[in-house]
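Everything numeric in this text was worked out from a predicted model, so none of it was measured. Numbers here are sequence positions counted from 1. Read the numbers this way: they start at 1 and go in the same order the structure lists the ligands and their atoms.
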Amino acid sequence: MRIVLVGPPGAGKGTQASFIASHLGVPKISTGDIFRANISQGTPLGVKAKEYLDAGHLVPDELTIDIVRDRLSQPDAAGGFLLDGFPRNVAQAEELDEILADNGVSPSVGKAYLDIVLDLEVDNDEVIKRISGRRLCRNDSGHIFHVDYSPSQAGDKCDVCGGELYQRSDDKEEVVRKRLEVYAAETAPIIDYYREQGVLTTIEAAGQVHVITERAIAAVDQVA
Ligand code: AP5
Ligand code: ZN
């Protein structure tokens with residue numbers, strides 16, 4: 001199954017991505033995680049991407065699209081994938097359709113190359129609360145905690161693997177506000193793009209993590 005998760009920063013895309021991808025048996029591909037891994041390794045891509053992440057701006061399409069094209073050409077993505085954080089604007093959405101066409105995917109009746117796009121809907125106040133308390137594991141970007149909502153029982157270490165927990169440099173309040181503006185101006189238009197293709201499902205993403213996982217899995221199972 002080919003699936004995209006969309007939603008504002010802090011909506012819970014990363015948290016839900018791991019559950020949904022393992023339910024479907026497809027790889028989880030997060031452009032944000034790819035950029036952060038490159039930044040921490042100091043690669044040329046990481047050096048270029050860092051200034052955009054730290055400012056809350058989108059990394060330019062010419063850097064982003066090739067990464068996704070390469071990743072989707074790998075054998076493990078041939079049977080499907082879950083994209084978290086891509087596409088981020090209409091140009092990226094159009095490019096994704098082209099990549100899938102080039103990879104031999106046939107569009108469905110509504111001209112959709114994806115099976116489903118889940119739009120995680122949550123208000124800005126909740127987003128700010130979620131992001132300001134977020135802690136991530138240095139070993140695995142899928143190990144996500146929150147100081148109030150899902151604290152690590154091991155204190156400043158990851159419950160799952162013992163890795164060090166850290167706060168993202170773009171999780172400062174002023175950068176989060178910028179990311180929300182960028183989301184509204186540049187990313188929200190892809191919701192209409194996918195609605196017109198007939199693949200959009202909106203998920204109410206306020207509430208407990210496991211309840212939202214159940215809603216998401218029910219939605220993907222309907223199209224499986
Ligand atoms: P990216 O890494 O994609 O960040 P984002 O979209 O801003 O989303 P977040 O990772 O902040 O939030 P999330 O929705 O995954 O929430 P999470 O599950 O962690 O992008 C970062 C940057 O990279 C961009 O600003 C841009 O510069 C660049 N970039 C990435 N992709 C790009 C692209 N395609 N093009 C150009 N640039 C790109 O949850 C948040 C917190 O809430 C956690 O603490 C979690 O424990 C908690 N939580 C989750 N669910 C719940 C719940 N139900 N109840 C209570 N707490 C919850
Ligand atoms: Zn961990």
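Between S132 and D171, the closest side-chain pair of non-hydrogen atoms is not below 4.5 Å. Side-chain atoms of L24 and V220, non-hydrogen and from C-beta on, do get closer than 4.5 Å to each other. Here the side chains of V105 and I99 are not in contact, with every heavy-atom distance at 4.5 Å or above. Between V223 and I3, the closest side-chain pair of non-hydrogen atoms is not below 4.5 Å.
Closest heavy-atom approach to atom 43 (C) of ligand 1 among the candidates V176, I144, D33, V209: I144. Between atom 54 (N) of ligand 1 and the options G12, G207, P8, the minimum heavy-atom separation is to G207. The closest non-hydrogen atom to atom 21 (C) of ligand 1, taken over R130, R168, R179, R135, comes from R168. Looking at D84, L83, V59, I131 and measuring to atom 36 (C) of ligand 1, the nearest heavy atom belongs to V59. Counting only non-hydrogen atoms, the option in Q16, R88, H143, K13 that gets closest to atom 14 (O) of ligand 1 is K13.
R71 and D76 are joined by a salt bridge, as a carboxylate oxygen and a charged side-chain nitrogen come within less than 4.0 angstrom of each other. Comment: R130 engages E126 in a salt bridge, judged by a side-chain N to carboxylate O separation of less than 4.0 angstrom. With salt bridges taken as basic N to acidic carboxylate O contacts below 4.0 Å, one links D102 and R69. Using a 4.0 Å cut-off between a side-chain N of Lys or Arg and a carboxylate O of Asp or Glu, K50 and D170 do not qualify as a salt bridge. Remark: K178 does not engage E174 in a salt bridge, criterion side-chain N to carboxylate O under 4.0 Å. Under a 4.0 Å N-O distance rule, the pair R135/D156 does not qualify as a salt bridge.
In the vicinity of T64, heavy-atom distances shorter than 4.0 Å reach the ligand 1 atoms 33 (C), 34 (N), 35 (N), 36 (C). Close contacts between ligand 1 and I212 involve ligand atoms 53 (N) [criterion: under 4.0 Å to a heavy atom]. The distance from ligand 1 to the heavy atoms of R36 drops below 4.0 Å at these ligand atoms: 2 (O), 21 (C). Close contacts of ligand 1 with H57, meaning ligand atoms under 4.0 Å from a residue heavy atom, involve 26 (C), 27 (O). Interface atoms of ligand 1 facing F145, defined by a heavy-atom separation under 4.0 Å, are 43 (C), 44 (O), 46 (O). Near Q92, meaning under 4.0 Å from any of its heavy atoms, are these atoms of ligand 1: 33 (C), 34 (N), 35 (N), 36 (C). For ligand 1, the atoms sitting less than 4.0 Å from at least one non-hydrogen atom of G85 are 31 (N), 32 (C), 33 (C), 34 (N), numbered in the order shown with element in parentheses. Near G14, meaning under 4.0 Å from any of its heavy atoms, are these atoms of ligand 1: 13 (P), 15 (O), 18 (O).
Here the angle centred on the Zn ion (ligand 2), running from SG of C158 over to SG of C161, is 110°, rounded to 10°.
Of the protein's non-hydrogen atoms, R134 NH1, 3.3 Å is the one closest to atom 9 (P) of ligand 1. Closest to atom 56 (N) of ligand 1, if we only count protein heavy atoms, is Y149 CD1, 3.1 Å. Summary of contacts: the protein heavy atom closest to atom 12 (O) of ligand 1 is G10 N, 2.8 Å. Among protein heavy atoms, atom 49 (C) of ligand 1 sits closest to T15 OG1, 3.5 Å. When hydrogens are left out, the protein atom nearest atom 38 (C) of ligand 1 is F35 CE1, 3.7 Å; that is the closest non-hydrogen contact. For atom 31 (N) of ligand 1, the closest heavy atom belonging to the protein is T31 OG1, 2.8 Å.
Residue contact annotation: K129 has no non-hydrogen atom under 4.0 Å from ligand 1.
Between Q16 and D84, the side chains place no donor N or O within less than 3.5 Å of an acceptor N or O (distance only, hydrogens not considered). Side-chain contact of D97 with Y193: a donor-acceptor pair under 3.5 Å is present, judged by distance alone. No side-chain N or O of D159 forms a donor-acceptor pair with one of H143 less than 3.5 Å apart.
Below 3.5 Å of separation, one finds an N or O of A11 facing an N or O of ligand 1. Residue-to-ligand polar distances keep D170 apart from ligand 1: every N/O pair is separated by 3.5 Å or more.
Counting heavy atoms under 4.0 Å from ligand 1, residue S150 touches it through the side chain alone.
Between the Zn ion (ligand 2) and the N, O or S atoms of H143, the shortest distance is to ND1.
Listed for the R215 side chain is a donor-acceptor partner under 3.5 Å among the backbone atoms of E204.
The residue from T64, I39, N38 that alone fulfils the side-chain contact (heavy atoms from CB on, under 4.5 Å) condition with L45 is N38.
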